[in-house]
Amino acid sequence: MIDNIVLLGSTGSIGTQTLDVCEKHNIRPLALSGNSNVKLLEQQARKFKPDTVCIADGTLYGDLKQRLADTDVTVTAGRDALCELAARECDTVVNAIVGFAGLYPTVAALTAGRTLALANKESLVAGGDLVTGLAREKGKIIPIDSEHSAIFQCLMGNEDNKIKKILLTVSGGPFYGYTYDRLKKVTVEDALRHPTWSMGRKITIDSATLMNKGLELIEAVRLFDVTPRQIEVVVHRQSILHSAVEYEDGSVIGQMGVADMRIPIQFALTYPKRYETPTKGLSLFEVGTLTFEQADDSVFLCLAAAKRAVAAGGTACAAINGANEAATGLFLEGKLPFYRIGELVRDTLDNVGYDSTTTLDTIEAADTAAREYVITHA
C-alpha cells in the first residue's frame, strides 16, 4: 500500500472518488489541485490537510488564499504551479484533470520519473508519441479508466503471450439505437442522463456522442501498443464486463465488476495488490443477462473520426480532441445542436492540417487550429 499521492483534479468526479479511497486506506494527499471550485477545494484542504493546494484558474488565487489563511496549507495557482506539483516526489501522481489541460502535468510527472495513475485520457490522445515515449524512458503509467484498467488487469501475467484482439466495451450512452435524424432532437438535459455511470458534465456528453469511446480507442492503441485493427468496440449496455483481451490461442480474458469507479481508482493506487473497496459486490444473479452488440459509427460520427485519426497518426488525434472540447462546450452552453458535435469533429479532421510529429509545439498548434475551426463553423 502506498503512503501518499499528489492528486490533480481533486474537485472533479474522479478526484472526489479518489479521496474516498484515500480516506478508507489512510493514503495521504500531499497536494491537491482543482480548476475553479474554490469552495470544495477549501473543504478538501481542511479535511485532508495537504501541504499544498493549487487552483488552475489563476483569477481565483486570492479567494482561495484568503479562505485558507488560518491554515498551514501553501496556496499556488496556474499551469506552471500545477506542473510543479505533478513533478513532486511522491508515491503516485493521480491525474484526474478533465480535458487537454491535463497534458502538461502528465508530461511534467513522467519527465520527473513519477508513477502516474492516469484518468486524463486526453493526455494520451493528444500527446501521442510524446507521452508514450516519456513513459517508456522515464516514468510509468497505470490507467484509471475502467476499460483500460480492465485491459491492464487482463494483461497481467501475460507479457509473453500475443494479443489477437482487445474487446473495448461501451455502454452505448443514453442514445443507443437512435437514428441520425433522432439525434437532431436531443437536448442538453437528455444528453446528461447517462444510463449507468455518474460522471462530470463533459465526459457525460462525450459518452453520449461516443467520443469518449473514440478517445479510449486511441488511448488503448497507445497504452497497449496494438494497432487500431486489433481493437473491437462492443456495446455492452449493462456495464458489467469492463473490457476483455483475446489471445492468439482463442482464449478471452475479461474483467467484470459493478459500475463504480472507486474499484479501478483503488487498483491504480494499490497495484499489484488488491484490497477491500468501499463498493458493493457484483451479483450476476441480479444482473441476469449480459448483451453485446456492434457500435454504429455511421450515426455516432465522433467514433468514426477517432478511428480515422488514430490511423492517420501525428497530431490528428490532438485536432479531433480540440474540436470535440470546443464543440461540446458550445453544446453545453446551448449554442450548438447535439448532432453538430460529431459533424464538426469529422469536418475538423477533413479540413484542418496536422503534423506528422508530436511535440508540445505541434500538439498545441493542432489543438488551437481545431478549436478555431469549430468556433468559425459552428
Side-chain angles (χ1 to χ4, degrees), residues 5-24 27-86 88 90 93-106 108-109 117-123 144-145 188-189 191-194 197-207 212 260-262 265 269 278 325-326 328-334:
I5 63 170
V6 167
L7 173 55
L8 311 177
S10 66
T11 57
S13 175
I14 296 296
T16 55
Q17 291 177 88
T18 300
L19 289 174
D20 286 345
V21 173
C22 288
E23 188 170 19
K24 179 173 179 61
I27 299 170
R28 185 184 175 217
L30 298 175
L32 301 173
S33 83
N35 182 37
S36 59
N37 192 336
V38 174
K39 183 177 180 181
L40 179 54
L41 191 54
E42 178 200 359
Q43 292 171 353
Q44 292 174 343
R46 291 187 180 279
K47 180 174 181 178
F48 291 95
K49 298 179 172 56
D51 296 335
T52 308
V53 296
C54 177
I55 188 79
D57 184 345
T59 64
L60 300 173
Y61 170 78
D63 186 8
L64 183 60
K65 178 76 172 175
Q66 184 176 13
R67 286 171 179 265
L68 294 173
D70 62 327
T71 72
D72 295 328
V73 177
T74 299
V75 178
T76 62
R79 189 171 82 186
D80 289 346
L82 194 64
C83 290
E84 287 179 11
L85 291 188
R88 178 175 173 173
C90 62
V93 176
V94 179
N95 187 349
I97 295 170
V98 175
F100 183 78
L103 171 63
Y104 303 97
T106 284
L118 186 61
N120 175 258
K121 58 179 63 67
E122 292 85 357
S123 293
I144 283 180
D145 271 347
V188 172
E189 291 73 23
L192 287 172
R193 294 192 196 101
H194 195 278
W197 294 96
S198 176
M199 305 172 290
R201 285 165 62 86
K202 192 265 183 185
I203 192 173
T204 302
I205 301 303
D206 283 352
S207 295
N212 191 53
D260 192 316
M261 282 304 301
R262 289 174 295 181
I265 290 169
L269 299 184
E325 288 191 17
T328 298
L330 292 173
F331 170 67
L332 285 169
E333 293 170 7

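Computed from heavy atoms alone, side chains included, the values below leave out hydrogens, waters and symmetry copies. Quick caveat, the model's predicted, so the values are computed rather than measured.
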Looking at every non-hydrogen atom in both residues, tell me the closest pair between [X] and [Y] and how far apart they are.
X: Glu325; Y: Phe100; answer: OE2-N, 2.7 Å
X: Ala96; Y: Gly15; answer: CB-N, 4.0 Å
X: Ile265; Y: Ile14; answer: CD1-O, 3.8 Å
X: Arg46; Y: Thr71; answer: NH1-CG2, 3.6 Å
X: Leu30; Y: Pro50; answer: O-CB, 3.5 Å
X: Val53; Y: Ala45; answer: CG1-CB, 3.8 Å

Under 3.5 Å donor-acceptor, [X] side chain and [Y] backbone:
X: Gln44; Y: Leu32; value: no
X: Ser33; Y: Ile55; value: no
X: Arg28; Y: Lys49; value: yes
X: Gln17; Y: Ser13; value: yes
X: Asn95; Y: Gly102; value: yes

State the [atom1]-[atom2] distance between [X] and [Y], to the nearest 0.5 angstrom.
X: Ile5; Y: Arg88; atom1: CD1; atom2: CZ; result: 11.5 Å
X: Lys39; Y: Thr11; atom1: NZ; atom2: OG1; result: 13.5 Å
X: Leu40; Y: Asn35; atom1: CG; atom2: CG; result: 12.0 Å
X: Gln43; Y: Asn37; atom1: CD; atom2: CG; result: 8.0 Å
X: Leu118; Y: Asp145; atom1: CG; atom2: CG; result: 7.5 Å

Take atom [atom1] in [X]; do more than 12 heavy atoms of anything else shown fall under 6.0 Å from it?
X: Lys24; atom1: NZ; value: yes
X: Gln66; atom1: CD; value: no
X: Asp72; atom1: CG; value: no

[X] side chain near [Y] side chain, heavy-atom distance below 4.5 Å:
X: Met261; Y: Ile144; value: yes
X: Ser36; Y: Leu60; value: yes
X: Leu68; Y: Glu42; value: yes
X: Ser10; Y: Thr18; value: no
X: Asp63; Y: Arg67; value: yes

Test side chain to side chain contact (heavy atoms under 4.5 Å, CB included) applied to Ile203 and Val98, step by step: CA-CA 8 Å; Ile203 192 173; Val98 175; 5.9 Å; no
Test salt bridge (charged side-chain N to carboxylate O under 4.0 Å, His left out) on Glu189 and Arg193; report intermediate values, then the result. CA-CA 7 Å; Glu189 291 73 23; Arg193 294 192 196 101; over 6 Å; no
Working for side chain to side chain contact (heavy atoms under 4.5 Å, CB included), residues Leu332 and Val188: CA-CA 6 Å; Leu332 285 169; Val188 172; 4.1 Å; yes
Do you know which of Leu8, Thr76, Val6 makes side chain to side chain contact (heavy atoms under 4.5 Å, CB included) with Cys54? Thr76
Give the C-alpha distance, both sets of side-chain angles, the deciding distance and a yes or no for side chain to side chain contact (heavy atoms under 4.5 Å, CB included) between Ile205 and Leu192. CA-CA 6 Å; Ile205 301 303; Leu192 287 172; 3.7 Å; yes
Would Lys121 and Asp206 pass as an ion pair if we require N to O under 4.0 Å? no
